[in-house]
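Chain naming here is simple, since letters A, B, ... match the order of the sequence lines and numbering starts at 1 in each.
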There are 2 protein chains.
Amino acid sequence: MKQKSPVVAPFNLQAIERPLVSVDVVIFTVLEGALHVLLVKRPDDPREPCPGMWALPGGFVDVEKDADLESCALRKLQQKTGVKTPYLEQVGSWGGSKRDPRAWSATHVYFALIPAPESLLQGSNDATWFPVEGQRVRVKLAFDHAMLLEAAVQRLRNKVEYTSLPAYLLPQEFTLSDLQRMYEVVLERPIEKSAFRTRVFAAGLVEEVDKVRAGPNRPAQLYRLAHPREIVYFPRTFSPRKSAED
Amino acid sequence: MKQKSPVVAPFNLQAIERPLVSVDVVIFTVLEGALHVLLVKRPDDPREPCPGMWALPGGFVDVEKDADLESCALRKLQQKTGVKTPYLEQVGSWGGSKRDPRAWSATHVYFALIPAPESLLQGSNDATWFPVEGQRVRVKLAFDHAMLLEAAVQRLRNKVEYTSLPAYLLPQEFTLSDLQRMYEVVLERPIEKSAFRTRVFAAGLVEEVDKVRAGPNRPAQLYRLAHPREIVYFPRTFSPRKSAED
DNA sequence: TTAATTAGTGCTACTGTGCAACTAACTTAG
DNA sequence: CTAAGTTAGTTGCACAGTAGCACTAATTAA
């Protein structure tokens, strides 16, 4: 049982019914040239809702452990992946009486970008990478997680059009071709090489690393982010000219 | 299997401590050529936190009345303004142990755009329009509402650069000059008339209304939104060329 | 040696913008 | 009634940025 603080706040707090509050994290990475998302299997216990189904990693906020929503998301992400410094961004919140059979609940959805992990699974092995096909995954998801995932994918695709986000899908050092490939994988369309390079340099996104990669073909120049902490906004999108007319 | 009572869900729900859940609405309009936001005065009761301070309209989610977060926001907006069909968008959520002295709390911030109201106040007269100066208002706000307001203003300004949002600050019928003025007020900078018109038409944002406005000068063509339900995304921002070099 | 692959560069045409001048239709002052 | 002022809306031109595509160079594989 929880020990009540001896000093009760002098506030008059009406005892209204409180919703459940949770955080779900949509963790993206690129594996084998395709966008993947990490899902966990819910316990088979029939006293739990959606037993045995695949779901986004997440769960209830812990008012003891979690100082705020973002650190709650970070905690859950670290539990599943071991990654400590992902790109993490809030997608939105969904709350209502219908989404969890147990009670009125509100969930806070974050999406994260991490480089392709060497060991696919970490710790609890109920977690698996699923390819994102269109806006979805092949399996049926628990609760309204299919909708949450869709929103996260949409946000990601949209934001990739005009930001440096895909850099966080790569290790610290990468070639411009690597980076371009990340854009193409997420956006599911080719990008013009020349315009891509011009814009990346014009934005001051990267700085050179002076060693040279060994590889199957010509050694390519390695780069790293010039300002790893800030994401860069491009003045325009990567849209080809045609799509402006459609 | 033993049949449970239909009232009690058959789920095993751990009795963890639940946060407070609230919704706050940042309601924008344009009055006298300046962006304004609606604030309400908190009760003077010293048993309430932040007594007598100005705050964003909002409050706790009511699990009986509110089907979901958005309808909760809409309910609070209608209470204060009487407006039934504003533009309403979620800005984000902020939750943590420190933001409300009473308990761990999570709030869900929406921003709304409404046309300039004829009667400034509706119903409860503790609500007042304040001009937005920079990212803030002149008064000190309750809780972390100054930060929430800042986030909403930033979202608004950012999104106005490449969407049709300012149309929702006008009545259903408006002239192109009216619309351009809304962009200029929100963005706090002049826009090129010629480019503005070209882009608005190219995007198919508006359709003509065949009556003509009576006014102090030449009657201007009236327009209305071609698709009032959908916001339009422009292929580029309204940024002048200089800012691309800065 | 030759073909294939990939990194990186150069060139051109085109689109949309900034800028500014211009016309047209109305109001207001005298 | 006239002249000046105001605003809606158009037109023309110079210029910046990039899409599209061809090209060079360096390496590997056969």
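- Salt bridge status for B:Glu161 with B:Arg189: present, with a side-chain N to carboxylate O gap under 4.0 Å.
- Taking the salt bridge (charged side-chain N to carboxylate O under 4.0 Å, His left out) definition, one finds that A:Glu188 meets it with A:Arg157, sequence neighbours left out.
- In this structure, the CD atom of B:Glu192 is 18 Å from the P atom of D:dC13, given to the nearest Å.
- For B:Ser177, a side-chain nitrogen or oxygen approaches OP1 or OP2 of D:dA8 to under 4.0 Å.
- Rounded to whole Å, the distance from CZ on A:Arg197 to P on C:dA7 is 8 Å.
- Within the 4.0 Å cut-off from OP1 or OP2 of C:dT17, at least one side-chain nitrogen or oxygen of B:Arg199 is found.
- Put simply, CD on B:Gln221 is 19 Å from P on D:dT7, counting in whole angstrom units.
- In this structure, CZ of B:Phe234 is placed 10 Å from P of C:dT17, rounded to the nearest angstrom.
- Remark: A:Trp94 pairs with no residue by the ring pair (Phe, Tyr, Trp, His ring centres under 6.0 Å) rule, at least two apart or across chains.
- In this structure, of C:dA7, C:dG8, D:dT10, it is C:dA7 that holds the atom nearest to the side chain of A:Arg181.
- Comparing A:Ser194 and B:Tyr223 against DNA chain D, the residue whose closest nucleotide sits nearer the 5' end is B:Tyr223.
- In this structure, A:Val206 and A:Phe201 have side chains that are in contact, with non-hydrogen atoms separated by less than 4.5 Å.
- In this entry the distance linking NZ of A:Lys193 with P of C:dA7 reads 7 Å, nearest Å.
- In this structure, B:Leu179 atom CG and D:dT7 atom P are separated by 18 Å, rounded to whole Å.
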